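A, B, ... follow the sequence lines: proteins, then strands. Residue 1 opens every chain. Nothing here was measured: the structure is a model prediction, and the numbers come from that model.
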There are 4 protein chains.
Amino acid sequence: MAKLARKEREYRTRRAEIITAAERVFSAKGFDKTTMEEIAREAEFAEGTLYNFFKGKIDLYLSLIEEKSEELLGYLHKQVSKAVGAGEKIRCLIKAQMGFFDKNRNFFKIFVRERNSFEWMAQKDRTKRLSKVYQTYIDFVARTIKDDLKRGEFRNLNPRETAYALAGLLNSFVCRWPKSSKKERLFDQAPFLTEIFLKGVQKSR
Amino acid sequence: MAKLARKEREYRTRRAEIITAAERVFSAKGFDKTTMEEIAREAEFAEGTLYNFFKGKIDLYLSLIEEKSEELLGYLHKQVSKAVGAGEKIRCLIKAQMGFFDKNRNFFKIFVRERNSFEWMAQKDRTKRLSKVYQTYIDFVARTIKDDLKRGEFRNLNPRETAYALAGLLNSFVCRWPKSSKKERLFDQAPFLTEIFLKGVQKSR
Amino acid sequence: MAKLARKEREYRTRRAEIITAAERVFSAKGFDKTTMEEIAREAEFAEGTLYNFFKGKIDLYLSLIEEKSEELLGYLHKQVSKAVGAGEKIRCLIKAQMGFFDKNRNFFKIFVRERNSFEWMAQKDRTKRLSKVYQTYIDFVARTIKDDLKRGEFRNLNPRETAYALAGLLNSFVCRWPKSSKKERLFDQAPFLTEIFLKGVQKSR
Amino acid sequence: MAKLARKEREYRTRRAEIITAAERVFSAKGFDKTTMEEIAREAEFAEGTLYNFFKGKIDLYLSLIEEKSEELLGYLHKQVSKAVGAGEKIRCLIKAQMGFFDKNRNFFKIFVRERNSFEWMAQKDRTKRLSKVYQTYIDFVARTIKDDLKRGEFRNLNPRETAYALAGLLNSFVCRWPKSSKKERLFDQAPFLTEIFLKGVQKSR
DNA sequence: AATGAATGAGATTTCATTCAT
DNA sequence: AATGAATGAAATCTCATTCAT
């Protein structure tokens with residue numbers, strides 16, 4: 001039993017190493033320009049070994065996005081659930097997401113890029129799994145917004161549409177960020193974005 | 001003389017046909033998954049013919065983006081220059097862009113997707129030409145915002161950063177739109193987005 | 001009649017222009033790397049026009065070699081026929097060939113390169129026409145040697161084998177010549193080569 | 001340890017098989033007309049496999065020439081170093097080279113053909129590596145000649161120029177040889193060539 | 001379970017030749 | 001007779017995946 005557990009632990013460790021290596025390469029080169037050979041080298045495994053952990057390149061890519069997104073959502077959930085008061089959940093959501101991406105820059109690139117392309121992908125399998133990921137993400141944002149909106153002095157907006165607007169606002173910094181100095185944190189942009197958004201959705205007076 | 005002019009006209013026509021065909025395929029599959037063979041088939045030319053008009057696949061792709069972007073910017077410029085009154089230019093910009101994308105759905109997909117990926121491209125040549133395109137676009141948005149902000153009751157925000165925020169807001173609908181019914185127009189979302197943005201940037205009271 | 005003759009003259013002129021242009025390009029790039037497009041540009045004709053004068057690329061190439069070789073042989077013949085005295089024909093042959101190549105550097109490159117490759121060419125048609133050219137050349141050299149050998153104090157060597165030896169000797173400078181200054185003439189090497197050869201074949205004492 | 005050594009051995013074997021197959025095809029068709037597909041078929045490997053051993057077509061070609069030339073030079077060196085007596089080194093060199101080419105007919109074709117064309121190659125990379133090969137070869141011949149000339153009753157000739165003459169003499173048989181019966185050996189021509197050359201360079205009396 | 005050499009389908013690009021004008 | 005745009009076959013090279021060790 002204990003022995004099996006150790007095996008299981010080792011399996012997970014190696015799998016995670018591969019995911020991390022893949023994250024580095026995919027984020028730097030994009031899906032198509034990344035080769036299995038390079039991921040293998042980065043992970044310090046042989047090429048063939050990758051296929052013991054993942055069905056293929058696409059599966060590795062999707063698994064990476066799914067698992068990291070789950071992590072992101074778990075983190076957002078935990079942070080947001082603490083917040084109380086009108087607009088506080090949204091404020092908290094923005095801060096949390098920025099903070100998460102600061103610590104996961106590589107994943108950030110993949111997440112945003114893919115979010116803007118996956119819909120019109122030819123590969124149906126790829127589309128389906130990705131679709132689920134982003135639906136879950138948007139659903140969570142929409143729910144957060146809904147909770148906040150109803151309790152505060154906000155306009156009566158469609159939460160789902162508003163969620164897209166907020167997501168777009170957050171993503172917008174993707175284009176500038178890679179250029180800016182490595183030291184600059186997304187987190188510091190949170191107040192700027194928060195203010196625009198909250199004012200944007202508040203009730204007219 | 002007349003003959004030369006006709007040749008030139010025919011050349012332009014064929015070139016435009018190729019660009020349009022390329023637009024369809026690139027928008028459906030993305031750059032890497034698109035093959036020259038498919039563009040050729042779509043354009044009803046032989047593969048080799050494409051190389052009489054463009055240096056290669058990348059050149060075709062970039063030319064498409066550059067020329068369509070110029071068209072977009074020209075259109076935006078024309079529309080925006082008519083507007084007067086506080087916030088009117090921004091309102092007009094949003095409406096114009098949405099209208100343009102309604103008529104150029106395929107290009108829209110390419111434009112937005114590329115805008116979110118080009119920064120970390122490997123190919124330096126591709127990056128350079130794209131960079132110029134998006135700089136020009138953001139510059140225009142920033143200038144429009146600046147003009148409007150100073151004349152209205154708006155907060156004193158950095159125009160460039162605000163431009164990114166607005167661009168992100170507009171782009172945000174890319175993820176939903178392809179799914180929604182073909183009849184639904186981006187143009188109809190303009191008021192919703194405009195309101196969020198204008199309120200978001202106005203002076204606190 | 002006169003009109004036809006003028007047409008004929010013009011035809012020949014244009015044909016010669018193409019040959020000369022082809023000579024320049026073929027000598028610079030070799031057969032395979034040369035494109036019809038480049039020959040056309042160099043000759044200031046359209047690509048299609050070349051096909052009114054030659055059946056295709058290979059035909060153009062072979063025609064060029066054949067006609068220039070005829071010219072070379074005619075020249076050698078004329079020069080050598082003047083010579084009298086033991087070894088004089090050979091001496092004269094070497095001088096004449098070097099002189100001709102000094103004036104036809106482009107053709108020289110083609111001639112020597114092709115001489116060393118044609119035998120194992122895949123294209124049978126090409127081989128046959130080239131074979132004839134070089135046989136004629138070697139035949140002439142062999143005949144010249146034979147004439148000379150029998151009248152002088154020379155060993156009784158197989159003229160054909162000796163002709164190959166002489167041809168090899170002459171060609172040997174091809175590798176150095178393109179490197180040496182443009183001003184340096186092959187003609188100046190004639191005495192050096194002549195001496196080696198004549199001594200090499202004379203009777204032992 | 002033993003395992004690694006075996007892998008290494010197998011690698012070398014396969015690499016050599018490819019080189020040999022390439023030698024056959026290149027010698028029969030020349031560089032440009034040879035396709036990787038044909039080399040692969042000849043070597044009984046898949047096309048892609050060739051690229052595990054060589055960077056590309058040119059690299060394969062140059063590697064072949066470089067390695068075979070090294071073999072040739074090593075062999076010549078060994079043979080010539082044994083010779084003593086005036087003219088003996090040169091006699092030995094000619095015999096050795098002819099003997100080597102008898103056993104490496106395919107390589108012989110490539111070596112001679114390339115030697116006569118490489119100078120005006122477009123590809124700079126190809127030129128550079130080849131240049132080195134032929135410089136080394138000529139240097140060796142020149143040194144051999146120099147050693148011999150100074151000890152014998154020979155004229156005071158420039159060793160380098162004389163080396164070119166000798167190389168030309170040896171190469172001259174390339175044109176006849178492929179035609180002649182397979183049984184005929186270059187080696188048998190050695191005395192004929194040796195005599196012409198040695199007499200050609202000896203002191204006048 | 002891990003390896004990495006071999007595979008071969010598939011992509012881009014070139015260019016001799018044709019043919020409508 | 002001259003043109004040059006269109007053609008499409010053919011060549012090089014890449015890389016995800018397999019499989020014998």
Side-chain angles (χ1 to χ4, degrees), chain A residues 7 10-11 14 31-41 43-61, chain B residues 3 6-7 10-11 14-15 18 32-41 43-60, chain C residues 7 10-11 14 31-41 43-61, chain D residues 3 6-7 10-11 14-15 18 32-41 43-60:
Chain A
K7 279 226 167 174
E10 283 178 358
Y11 174 83
R14 284 197 272 269
F31 181 79
D32 288 286
K33 294 269 186 298
T34 294
T35 69
M36 291 300 268
E37 193 268 334
E38 192 166 359
I39 295 175
R41 197 171 48 232
E44 295 180 284
F45 282 105
E47 262 183 276
T49 307
L50 304 187
Y51 290 83
N52 290 336
F53 291 88
F54 302 92
K55 264 180 284 184
K57 189 183 178 185
I58 288 188
D59 182 50
L60 169 52
Y61 186 66
Chain B
K3 215 169 189 177
R6 199 204 46 184
K7 277 235 167 166
E10 281 177 358
Y11 173 83
R14 281 196 272 271
R15 194 174 184 286
I18 293 171
D32 288 290
K33 291 275 184 296
T34 295
T35 69
M36 292 301 267
E37 191 267 336
E38 191 166 0
I39 296 175
R41 199 172 46 234
E44 295 179 284
F45 282 105
E47 250 177 288
T49 307
L50 305 187
Y51 292 84
N52 292 338
F53 292 87
F54 303 93
K55 264 180 286 188
K57 188 184 177 183
I58 287 191
D59 182 51
L60 169 52
Chain C
K7 278 229 168 173
E10 282 179 358
Y11 174 83
R14 283 197 273 270
F31 181 80
D32 288 286
K33 295 268 186 299
T34 294
T35 68
M36 292 299 269
E37 193 269 333
E38 192 167 359
I39 296 175
R41 198 171 48 232
E44 295 180 282
F45 281 105
E47 262 183 278
T49 307
L50 304 187
Y51 290 83
N52 291 335
F53 291 88
F54 303 93
K55 263 181 285 184
K57 189 183 176 185
I58 288 188
D59 182 51
L60 168 53
Y61 187 65
Chain D
K3 215 168 190 178
R6 199 204 48 184
K7 278 235 167 166
E10 282 177 358
Y11 174 82
R14 283 196 272 270
R15 194 174 184 284
I18 294 171
D32 288 290
K33 291 274 185 295
T34 294
T35 69
M36 292 300 267
E37 192 267 336
E38 191 166 0
I39 295 175
R41 199 172 45 233
E44 296 179 284
F45 281 105
E47 245 178 290
T49 307
L50 305 188
Y51 293 85
N52 292 338
F53 292 87
F54 302 94
K55 262 180 287 186
K57 188 183 177 183
I58 286 192
D59 182 50
L60 169 52

- Query: In whole Å, what is the span from the NZ atom of C:Lys57 to the C1' atom of E:dT14?
  - Reply: 11 Å
- Separation between CD1 of C:Ile39 and CD of C:Glu47, rounded to the nearest 0.5 Å: 9.5 Å
- Message: For A:Phe31, does the six-membered ring have the charged nitrogen or CZ of B:Lys33 within the cation-pi criterion, i.e. under 6.0 angstrom from the centroid and within 45° of the normal?
- Response: no
- Under a 4.0 Å heavy-atom cut-off, which of residues 34-41 of chain A touch DNA chain E? none
- Item | Neighbour count above 12 (heavy atom, 6.0 Å) for B:Glu44 CD | no
- Atom pair CE (D:Met36) and CZ (D:Phe54), whose distance is rounded to the nearest 0.5 Å: 9.0 Å
- Item | Which residue lies more 5' along DNA chain E, comparing C:Lys55 with B:Asp32 via nearest heavy atoms | B:Asp32
- Shortest non-hydrogen separation from A:Ala40 to A:Ala46 and the atoms involved: CB-C, 4.0 Å
- Message: Donor-acceptor check, side chain of C:Lys55 to backbone of C:Leu60, threshold 3.5 angstrom: yes or no?
- Response: no
- Over 60° means perpendicular and under 30° means parallel, so classify the ring planes of D:Phe53 and D:Tyr11, tilted if in between. parallel
- Message: For the CD atom of B:Glu10 and the CZ atom of B:Arg14, what is their distance to the nearest 0.5 Å?
- Response: 5.0 Å
- Query: To the nearest 0.5 Å, how far apart are CG in D:Leu50 and CD in D:Glu37?
  - Reply: 10.0 Å
Identify each atom pair where a protein N or O and an N or O of nucleotides 4-8 of chain E are less than 3.5 Å apart, giving names and distance.
from: E:dG4; atom 1: N7; to: A:Gly48; atom 2: N; distance (Å): 3.1
from: E:dA6; atom 1: OP1; to: D:Arg14; atom 2: NE; distance (Å): 2.5
from: E:dT7; atom 1: OP2; to: D:Ala46; atom 2: N; distance (Å): 2.8
from: E:dT7; atom 1: OP2; to: D:Thr49; atom 2: OG1; distance (Å): 2.6
from: E:dG8; atom 1: N7; to: D:Gly48; atom 2: N; distance (Å): 3.4

- Task: Using atom OH of C:Tyr51 as one end and atom P of E:dA16 as the other, report the distance to the nearest whole Å.
- Result: 7 Å
- Task: Calculate the interatomic distance between A:Lys33 atom NZ and E:dA11 atom C1'; express it in whole Å.
- Result: 11 Å
- Item | Stem regions touching DNA chain E, defined by at least 3 consecutive Watson-Crick or wobble G-U pairs below 3.5 angstrom | E:2-21 with F:2-21
- Euclidean distance, atom CZ of residue A:Phe54 to atom C1' of F:dT18 [Å, nearest integer]: 19 Å
